[in-house]
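Small disclaimer: the values here were computed from a predicted structure and weren't measured.
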Amino acid sequence: MAQAAPKEGFKVVVVGSANVDLEVQVPRWPDPGESVVATASARFPGGKGANQAVAAAKAGGASTALIGAWGPDADATLVKELLEDAGVDTASVRTVDCPTGMAIVMVDPAGANVVTVVTGANSRLELTEADLERIANSRVVLAQLEIPLPVVAQAAAAAQAADAIFVLNAAPAGESLPTELLKNVDVLVLSQRLARNLAKQHFGMYPSDDASLLRVLQNLVPSVVMTKGWKGSVVAQAGQDAEVVHALPVEPVDHTGAGDTFNGVLAARLADGAALGEATRAATAAASISLGRPGAGPSIPTAREVAVALATGQVPPAA
Ligand code: RIB
């Protein structure tokens, strides 16, 4: 992958969703038809696009803009505040006639989550000429799959045409990804489950070891990063052996937003000219910090916290 080229616009443009998360702590998962009593509840700003934009902006050095859609409601204000406090430009987030997206998040005592997303305004996102110009003028474009797939494909094509690095975080992970879209992806960030599915669909099998699995997927996309939650990540780029990056030791409190932290920091580091391996190490450290904190948006660490984590190999206490 070529290094990010200097451009006159934002270093990172995120094309993605904005949600409010209604998060409830449950003592255990309810069975179908059963009710359980939550031990706590909270509303957090979230959405994969917004979280990733916040993570990129907080990573330091990377001016960041979000392209998205929200509704004419108080939920939009909650997400906007999180974005703007982190320094994310929200001029390209339009207000549409539909409620802001929402996620119902159940978190168990081990920090694992189950998420249901109501896409709301996110499903109305369409790219304008001004959006395409912002994409063309950026170094790195980062998208996920909580917005319409044609919009993701259009952003990818625009990024490629302008020599911006296009990073696709394939989340929420479906069973597959369109081949036409993959052709315009420079860095694919995905789960082990989707990695195996893609290998099986395209090549009829998947190797059981991670390095070989990623090597197979590099026939589709030049650089692949597989995230493995609290176990860390594996990164593969052209001409180099796959590298395993271990997560930092942490007691998980809430998995929500850890993947978004990873992707935002990865994009910011790439935009600053870091190589993919170095960017993945910073992203993995940042995601480890997020795992030990509640909520999605509010769990995203600062650049300083990530620097301390990288230097010490330990997750710093929350400020
Ligand atoms: O990745 C976490 C995010 O996914 C949450 O903030 C929630 O909004 C869902 O979109």
Side-chain angles (χ1 to χ4, degrees), residues 12 14-19 21 23 44-56 66-68 101-107 111-119 122-123 125 140-153 155-156 166-178 181-182 184-199 201 213-214 217 220-221 223-235 247 254-268 270 279-280 283-284 286-287 290-291 295-297 299-300:
V12 177
V14 179
V15 186
S17 57
N19 294 334
D21 298 349
E23 197 167 298
F44 292 113
K48 294 188 189 301
N51 296 338
Q52 295 186 16
V54 168
L66 175 66
I67 296 175
M102 169 177 276
I104 315 293
V105 184
M106 278 195 290
V107 180
N113 65 17
V114 173
V115 184
T116 305
V117 180
V118 184
T119 53
N122 298 302
S123 64
L125 181 62
V140 173
V141 179
L142 170 62
Q144 325 72 31
L145 301 174
E146 271 184 351
I147 53 173
L149 197 54
V151 173
V152 176
F166 185 75
V167 181
L168 177 64
N169 171 217
E175 298 301 314
S176 183
L177 287 169
L181 168 62
L182 289 173
N184 286 326
V185 175
D186 295 298
V187 182
L188 177 62
V189 183
L190 79 180
S191 64
Q192 188 178 49
R193 182 187 144 87
L194 180 59
R196 289 178 170 173
N197 277 347
L198 277 183
Q201 282 156 20
L213 175 59
L214 295 200
L217 292 182
L220 299 172
V221 172
S223 298
V224 184
V225 184
M226 189 164 76
T227 52
K228 300 179 73 178
W230 57 269
K231 291 185 186 162
S233 56
V234 188
V235 53
D254 183 353
H255 287 238
T256 320
D260 297 333
T261 300
F262 183 98
N263 283 280
V265 172
L266 185 89
L270 291 176
T280 304
T284 305
S290 163
L291 269 177
S299 73
I300 296 167

Quick one: side chain to side chain donor-acceptor pair (under 3.5 Å) partners of E23, sequence neighbours excluded?
none

Show, in sequence, the C-alpha distance, side-chain angles and deciding distance for Q144 and N263, and conclude whether the side-chain hydrogen bond (donor to acceptor under 3.5 Å, both in side chains) test is met.
CA-CA 10 Å; Q144 325 72 31; N263 283 280; over 6 Å; no

Do the side chains of M102 and V117 get nearer than 4.5 Å, heavy atoms only?
no

Hey, what do you get for CG (L188) to CG (L177), rounding to the nearest 0.5 Å?
6.5 Å

Minimum heavy-atom separation for A199 and L217, please, with both atom names.
N-CD2, 3.8 Å

Between V221 and D186, does a side-chain contact (heavy atoms from CB on, under 4.5 Å) hold up when you go through it step by step?
CA-CA 6 Å; V221 172; D186 295 298; over 6 Å; no

Between atom CG of L291 and atom OG1 of T261, what is the distance when rounded to the nearest 0.5 Å?
8.5 Å

With sequence neighbours excluded, what pairs up with A283 under the side chain to side chain contact (heavy atoms under 4.5 Å, CB included) test?
F262, V265, L266

For a quick test of reading the model, state the closest non-hydrogen atom pair linking P178 to L149 and the distance between them.
CG-CD2, 3.6 Å

So does G49 get a backbone contact from the side chain of S17, meaning a donor-acceptor N/O pair under 3.5 Å?
yes

N113 and D254 side chains, donor-acceptor separation under 3.5 Å
no

Polar side-chain atom of S123 near backbone of T119 as donor-acceptor pair, under 3.5 Å
no

dist I300:CD1 -> D260:CG (nearest 0.5 Å) comes out at 7.0 Å

Name the one of L66, L142, V151, V152 that satisfies side chain to side chain contact (heavy atoms under 4.5 Å, CB included) with V15?
V151

Residue pair V54, N51: steps toward the side-chain contact (heavy atoms from CB on, under 4.5 Å) verdict
CA-CA 5 Å; V54 168; N51 296 338; 5.8 Å; no

Smallest separation among heavy atoms of A153 and L181, with atom names:
CA-CD1, 3.8 Å

Shortest non-hydrogen contact between E146 and P172, atoms and distance:
CG-CD, 3.5 Å

Heavy-atom pair of closest approach, residues A170 and L194
CB-CD2, 3.4 Å

For G101 and N122, the nearest pair of non-hydrogen atoms, with its separation, is CA-ND2, 3.7 Å

Is there a side-chain contact between I67 and V14, using heavy atoms and a 4.5 Å cut-off?
no

Determine all donor-acceptor pairs shorter than 3.5 Å in which one atom belongs to a side chain in residues 227-234; sequence neighbours excluded.
unit_1 : atom_1 : unit_2 : atom_2 : d
K228   : NZ     : D210   : OD2    : 2.6
S233   : OG     : T284   : OG1    : 2.9

Pick from V114, D21, T116: which one makes a side chain to side chain contact (heavy atoms under 4.5 Å, CB included) with V105?
D21

Taking atom NZ of K48 and atom CG of N169, what is their separation to the nearest 0.5 Å?
7.0 Å

Could you walk me through whether F166 and N184 pass the side-chain contact (heavy atoms from CB on, under 4.5 Å) test, one step at a time?
CA-CA 7 Å; F166 185 75; N184 286 326; 5.6 Å; no

Do V187 and V225 make a side-chain contact, defined as non-hydrogen atoms from C-beta onward lying under 4.5 Å apart?
yes

